[in-house]
Amino acid sequence: MGSKYAFARATAVGTVTITFVLMLCLTSSFVLGKNAVPNHEHPTPSPDLYTWLDTLGATVHLVVGPVNEAGLRGTVATKDIASGELILQIPNSATIDVGDYSLPGAELAVHLFRRQLTDPKWNASFEPYWKSLPESGSLHSKEVFENPKHRELLQNEYLAAYAEVNANWTRDVFAGNASLEPGKMFPSLLAEKLSGADKVTFEEFKHAASLTATYSFVFPNKEGQYMRVMLPLFDLINHKGEGANSYVGKDSTTGSYHLIASKDIKEGEEVTHCYNWDNERNDYALINYFFFQTLDPPRLCALDLPDGNLDGGFTEPDDRYLPHEKGAIQELISQFEARLTTFPTTEEEDEKMLAKEGSKLDWISHRIIDFRRERKRVIRLTIERLREREKTAYSLLPPSTGADASKEEL
Ligand SMILES: C[S@@+](CC[C@H](N)C(=O)[O-])C[C@H]1O[C@@H](n2cnc3c(N)ncnc32)[C@H](O)[C@@H]1O
């Protein structure tokens, strides 16, 4: 997006006075050198961002910077904050209602470009925000998942097809071949002769689609319509499910947004919130936001759960979805064992690949290989867990003793 055309991320849903964010989505920055996201891709925002927000009347008790050894960009508290206290507040004037929450990133990108191109003064006033967002090439998601080599690395046809369909959609909306809003595909900006529309490249458009999908929240506007909203600084907060220490709300009277501590937070501690519990499933998180987590206890990918799919909703711990009856446990163990043998590479081979060739891989390939290694590890651990469970599981089969004895009696 650079400075001319920029956007937001995260997805949340709010309601009345101080409503909860249901989903959100940020993107990390600062990430590391060779293997993960290179740290030049999400640099720490310049002080202009804080100055700009301060001028508009924001309250800010966090700062953006690296939050782990790999250099992932995130936010840390600048003072001790008690549970229930305010961490961050930005006025409505610092936010952007991009479009209806149900629209894909590509259509939202068209909305954002329209706003930027029709109101250059407003666009220029948001410069500090645009600069805080990841640059083109440093963001990945289903909206831009168009490289077949990357999709093949997923080692899963369903995930690859899902990524391809979404990436094709972005291309089609840009080219004017498809849209959920037929009159509002990207070429309509050209037809409206908006100055600068002809200079927007597909690369910029894709990036905008990815940002509007992954750096935006969902909240209702004054009319009660749920919108994708871009919230500066809120979108630099990373996701955590269990253990998140804050939540996002909207004041429906003033239209301002608030981040409230849900636990006591120490100065220097990372501030996190739960974008959406579906992100606790690594395939969901990877395809939508291009990150995955190593959780303890581990969680299977949604696609590895019985009846699992990528639509979301598998938000309970794995135990909720795994069988307790002996025969069903044995069947699932066999399925998992078979699944591990059908992957083109083993967990160990993926590990070796990352260790040996990791530094030569582009960051997208590296993350996908790391994701599939983690997927296999969790399946392996789940097999071990099921074997333990099998020992004390009940059985639906009748006890086998007695039948032979009765024969003898006859
Ligand atoms: C809304 S942004 C959050 C800020 C982002 N880290 C940045 O610096 O721009 C969402 C992105 O942050 C990263 N992210 C968020 N939570 C994460 C987590 N728990 N682990 C790893 N990466 C995470 C992912 O790249 C995701 O797409």
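The figures that follow rest on heavy atoms only: side chains count, while hydrogens, waters and symmetry mates do not. From a predicted model like this one, the values you see are computed outputs, not experimental measurements. Atoms within a ligand are numbered from 1 in the order they appear, just like the ligands themselves.
Using a 4.0 Å cut-off to heavy atoms of Leu72, the atoms of ligand 1 that qualify are 21 (C), 22 (N).
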Could you list the donor-acceptor pairs under 3.5 angstrom formed between side-chain atoms of residues 52-65 and any protein atom two or more places apart in sequence or on another chain?
{"residue": "Trp52", "atom": "NE1", "partner": "Ser125", "partner atom": "O", "Å": "3.0"}
{"residue": "Thr55", "atom": "OG1", "partner": "Thr51", "partner atom": "O", "Å": "2.6"}
{"residue": "Thr59", "atom": "OG1", "partner": "Gln89", "partner atom": "NE2", "Å": "3.1"}

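Aromatic pair Tyr257/Phe219: centroids less than 6.0 angstrom apart.
Screening residues 326-356 for ring pair (Phe, Tyr, Trp, His ring centres under 6.0 Å), with sequence neighbours left out, gives no hits.
For ligand 1, the polar-atom distance check finds no N/O of Arg367 at less than 3.5 Å from any of the ligand's N/O atoms.
The side chain of Phe291, and not its backbone, has at least one atom closer than 4.0 Å to an atom of ligand 1 (non-hydrogen atoms only; side chain from C-beta on).
Looking only at atom types and distance, the side chain of Lys376 has a donor-acceptor partner in the side chain of Thr345 under 3.5 Å away.
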